[in-house]
Trainee: 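I'd like to ask you about the structure that follows.
Values in this document were obtained by computation on a predicted structure and should not be read as measured data. In what follows, residues are counted from 1 in the order of the sequence shown.
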Amino acid sequence: MFFTKFFEKNKVHPIPSHFSGNKITTHPLQHTDCNLTLNISPEITHKFFNTINGNIARDISKFGKSVMNPSMLADISRMHYYINNKKISVPGNEIKSKLNFSAQILEPQNEWIQEHIGSLSSFLHQGIFPDFFGAVDDWKASDSTKWKIAMVSLDRNKTDTRFYISSNGMIRLITQANITNIILRNNDILMVDKNRSIFTLQLSFRAVKMPDRCIITTQGNEADGSQMVLHGIERLK
């Protein structure tokens with residue numbers, strides 16, 4: 001996963017803040033700080049949820065309707081999962097996390113979660129981040145330029161990702177993390193000051209229960225969006 005990927009140390013150069021296609025215009029060093037913001041547009045929503053629902057259909061056929069996806073199983077003790085605001089994740093302890101999950105889904109109002117855990121676990125894990133970045137064409141920078149970002153690498157020691165699952169089918173993702181580098185779609189790698197560069201993301205979902213699986217739609221939450229605050233940007237060559 002891109003969250004734990006490390007890059008070899010190489011000579012670094014002052015980084016760009018302007019991008020035009022694959023061409024890069026380098027700015028002086030005093031312009032190595034930048035803020036990026038993203039509002040969740042209907043175009044992003046359509047593309048993102050098409051990917052999620054396509055993945056659900058694929059994973060249900062592979063693992064089953066009521067079987068937890070191996071990706072969520074691996075993350076259940078590494079990320080923070082809540083059911084009706086009750087935390088089920090125990091950091092570093094997969095067995096206790098699974099036991100907490102099992103206890104929560106025995107509650108009558110949560111039975112649908114067990115029935116459709118194949119659908120929910122298809123996207124409630126680290127893999128949601130590349131799907132999200134794949135749905136975004138441009139990020140707007142504080143200098144009004146547009147950045148085309150393929151993905152970001154986050155500092156795994158300073159990443160807080162929370163999944164909130166409600167018995168009424170509402171789901172929320174909230175992430176705040178320090179950024180180590182950014183990979184652009186032209187394959188340039190931008191190194192940043194990981195102690196000061198921050199990524200935040202909030203996404204809201206609605207799980208619509210169907211006989212064979214869940215369909216995931218948007219809640220239309222105006223608070224959804226993402227931001228990156230970048231410092232000390234340099235291009236890695």
Trainee: For K98, is there any backbone N or O sitting under 3.5 Å from a side-chain donor or acceptor partner on S102?
Mentor: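 Confirmed, S102 side chain pairs with K98 backbone.
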Trainee: Distance-only, no hydrogens or angles: does the N69 side chain make a donor-acceptor pair with backbone N or O of S122 under 3.5 Å?
Mentor: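 Checked: no pair found.
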Trainee: So with a 6.0 Å cut-off around NZ of K87, is the heavy-atom count from everything else above 12?
Mentor: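 Result for NZ/K87: enclosed.
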Trainee: Counting neighbours of CG on L106 that are heavy atoms of other residues, nucleotides or ligands and sit closer than 6.0 Å, is the number greater than 12?
Mentor: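 Counting neighbours around CG of L106, more than 12 heavy atoms of other residues, nucleotides or ligands fall under 6.0 Å, so yes.
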Trainee: Tell me yes or no: between the side chains of D75 and Q126, is some donor less than 3.5 Å from an acceptor?
Mentor: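 Yes, Q126 and D75 have a side-chain donor paired with an acceptor closer than 3.5 Å.
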Trainee: Please determine which of W112, F63, F101 meets the side chain to side chain contact (heavy atoms under 4.5 Å, CB included) test together with I117.
Mentor: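 When side chain to side chain contact (heavy atoms under 4.5 Å, CB included) is applied between I117 and each of W112, F63, F101, only F101 qualifies.
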Trainee: Could you check whether the rings of Y164 and Y82 sit parallel, tilted or perpendicular, using 30° and 60° as the cut-offs?
Mentor: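 Aromatic pair Y164/Y82 classed parallel.
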Trainee: Start with the C-alpha distance between T161 and T175, add both sets of side-chain angles, then the distance that settles side-chain hydrogen bond (donor to acceptor under 3.5 Å, both in side chains), and finish with yes or no.
Mentor: CA-CA 4 Å; T161 298; T175 292; 3.2 Å; yes
Trainee: In Å, rounded to the nearest 0.5 Å, how long is the span from CG of L120 to CD1 of I216?
Mentor: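 The CD1 atom of I216 is 6.0 Å from CG of L120, to the nearest 0.5 Å.
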Trainee: Mind checking the CD1-CD spacing from I105 to E107? Nearest 0.5 Å is all I need.
Mentor: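 The CD atom of E107 is 10.5 Å from CD1 of I105, to the nearest 0.5 Å.
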Trainee: Answer yes or no: is there a donor N or O on one side and an acceptor on the other, between the side chain of Y81 and the main chain of S97, under 3.5 Å?
Mentor: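 The answer is no, because no donor-acceptor pair under 3.5 Å joins these two groups.
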Trainee: May I ask you to decide if S153's main-chain N or O and T180's side chain share a donor-acceptor pair within less than 3.5 Å?
Mentor: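 Judged by distance alone, yes, a pair lies under 3.5 Å.
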Trainee: Look up atom CE in M210 and atom CD1 in I56, then write down how far apart they are to the nearest 0.5 Å.
Mentor: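 These two atoms lie 12.0 Å from each other.
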Trainee: Which residue is it: K86, Q104, E115? I am looking for the one with a side chain to side chain contact (heavy atoms under 4.5 Å, CB included) to N110.
Mentor: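 By the side chain to side chain contact (heavy atoms under 4.5 Å, CB included) criterion, N110 pairs with just one of K86, Q104, E115: Q104.
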Trainee: If the test is side chain to side chain contact (heavy atoms under 4.5 Å, CB included), which one of N195, N181, N178 qualifies with D155?
Mentor: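 Result for side chain to side chain contact (heavy atoms under 4.5 Å, CB included) with D155: N178.
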Trainee: Got R172 and L203 here, is their nearest side-chain heavy-atom distance under 4.5 Å?
Mentor: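 Heavy-atom side-chain distance check fails, nothing below 4.5 Å.
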Trainee: Are E43 and K47 close enough for a salt bridge, meaning some N to O gap below 4.0 Å?
Mentor: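 Result for this pair is no, no salt bridge flagged.
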Trainee: Give a yes-or-no answer on whether the side chains of S89 and S77 include a donor-acceptor pair shorter than 3.5 Å.
Mentor: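 There is no such pair (donor and acceptor under 3.5 Å, judged by atom type) between the side chains of S89 and S77.
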Trainee: Under a 3.5 Å distance rule, please check whether N53 uses its side chain to pair with a backbone N or O of F49 as donor and acceptor.
Mentor: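 Such a contact is found between N53 side chain and F49 backbone.
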Trainee: Decide whether L184 and L230 are clustered together by the hydrophobic rule: side chain heavy atoms of Ile, Leu, Val, Met, Phe, Trp, Tyr closer than 4.5 Å, transitively.
Mentor: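 Hydrophobic grouping puts L184 with L230.
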Trainee: Donor-acceptor pair, distance only, cut-off 3.5 Å: does the side chain of N93 make one with the backbone of K96?
Mentor: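 Answer holds: yes.
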Trainee: Got a second to check how far S142's OG is from L36's CG, nearest 0.5 Å?
Mentor: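 Here the interatomic distance stands at 7.0 Å.
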Trainee: At their closest point, which heavy atom of S121 faces which heavy atom of M72, and how far apart are they?
Mentor: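 Smallest heavy-atom distance, with atoms named: CB-SD, 3.3 Å.
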Trainee: Just to verify, which of L173, I40, N221 counts as forming a side chain to side chain contact (heavy atoms under 4.5 Å, CB included) with Q202?
Mentor: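 Only match with Q202 under side chain to side chain contact (heavy atoms under 4.5 Å, CB included): N221.
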Trainee: Might you work through the salt bridge (charged side-chain N to carboxylate O under 4.0 Å, His left out) test for K62 and D59, ending with a clear yes or no?
Mentor: CA-CA 5 Å; K62 183 176 181 180; D59 290 347; over 6 Å; no
Trainee: If you group Ile, Leu, Val, Met, Phe, Trp and Tyr by side-chain heavy-atom gaps below 4.5 Å, do I128 and L38 land in one group?
Mentor: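 Result: yes, single cluster for both.
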Trainee: K65 versus H116: any side-chain heavy-atom pair under 4.5 Å?
Mentor: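 They are in side-chain contact.
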Trainee: Under 4.5 Å between side-chain heavy atoms, counting indirect links through other Ile/Leu/Val/Met/Phe/Trp/Tyr residues: same cluster for I149 and I44 or not?
Mentor: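 Same hydrophobic cluster.
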Trainee: Please check if the side chain of S166 supplies one atom and the backbone of G169 the other of a donor-acceptor pair under 3.5 Å.
Mentor: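 Here the side-chain-to-backbone pair does not exist.
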Trainee: Do you reckon M151 sits in the same ILVMFWY cluster as I189, going by side-chain contacts under 4.5 Å, direct or chained?
Mentor: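 Yes.
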Trainee: Does S226 use its side chain to pair, donor to acceptor, with the backbone of T200 at less than 3.5 Å?
Mentor: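 It does hold such a pair.
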Trainee: Verify, without hydrogens or angle tests, whether R78 (side chain) and A74 (backbone) share a donor-acceptor contact under 3.5 angstrom.
Mentor: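 Here the side-chain-to-backbone pair exists.
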Trainee: Excluding sequence neighbours, so at least two apart, what forms ring-ring contact (aromatic ring centres under 6.0 Å, His included) with F199?
Mentor: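 With neighbours one apart ignored, the set is F133.
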Trainee: Mark yes or no for whether S197, through its side chain, and I179, through its backbone, hold a donor-acceptor pair below 3.5 Å.
Mentor: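 A pair under 3.5 Å: no.
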Trainee: Which pair of heavy atoms, one from L124 and one from F163, lies closest together, and at what distance?
Mentor: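 Looking at all heavy atoms of both residues, the shortest contact is CD2-CD2, 3.6 Å.
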Trainee: Taking only residues at least two apart or on different chains, which pairs with a member in residues 204-229 satisfy salt bridge (charged side-chain N to carboxylate O under 4.0 Å, His left out)?
Mentor: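 Checked against salt bridge (charged side-chain N to carboxylate O under 4.0 Å, His left out) - neighbours excluded - no pair reaches residues 204-229.
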Trainee: Determine whether the aromatic ring centres of F205 and F123 lie less than 6.0 Å apart.
Mentor: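 Centroid separation for F205 and F123: below 6.0 Å.
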Trainee: Grouping I, L, V, M, F, W and Y whenever their side-chain heavy atoms are under 4.5 Å apart, do L73 and I83 come out in a common cluster?
Mentor: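 Yes, it is one cluster - the side chains of L73 and I83 are joined through contacts under 4.5 Å.
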Trainee: At what distance, to the nearest 0.5 angstrom, does NZ of K158 lie from NZ of K194?
Mentor: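 Answer rounded to 0.5 Å: 7.0 Å.
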Trainee: Salt bridge (charged side-chain N to carboxylate O under 4.0 Å, His left out) for R162 and D160? Distances and angles first, verdict last.
Mentor: CA-CA 7 Å; R162 299 168 184 257; D160 186 335; 2.9 Å; yes
Trainee: Are D137 and K148 within salt-bridge range, i.e. N to O under 4.0 Å?
Mentor: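 The answer is no: the pair does not qualify as a salt bridge.
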Trainee: Are Q114 and S66 close enough, and set up right, to give a side chain to side chain contact (heavy atoms under 4.5 Å, CB included), and what steps lead you there?
Mentor: CA-CA 6 Å; Q114 173 58 41; S66 301; 4.2 Å; yes
Trainee: Hey, what do you get for CD1 (I171) to CG (N168), rounding to the nearest 0.5 Å?
Mentor: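 Between atom CD1 of I171 and atom CG of N168 there are 9.5 Å.
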Trainee: Using every non-hydrogen atom in the two residues, find where H231 and V229 come nearest and quote the distance to one decimal.
Mentor: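 Minimum heavy-atom contact is NE2-CG1, 3.5 Å.
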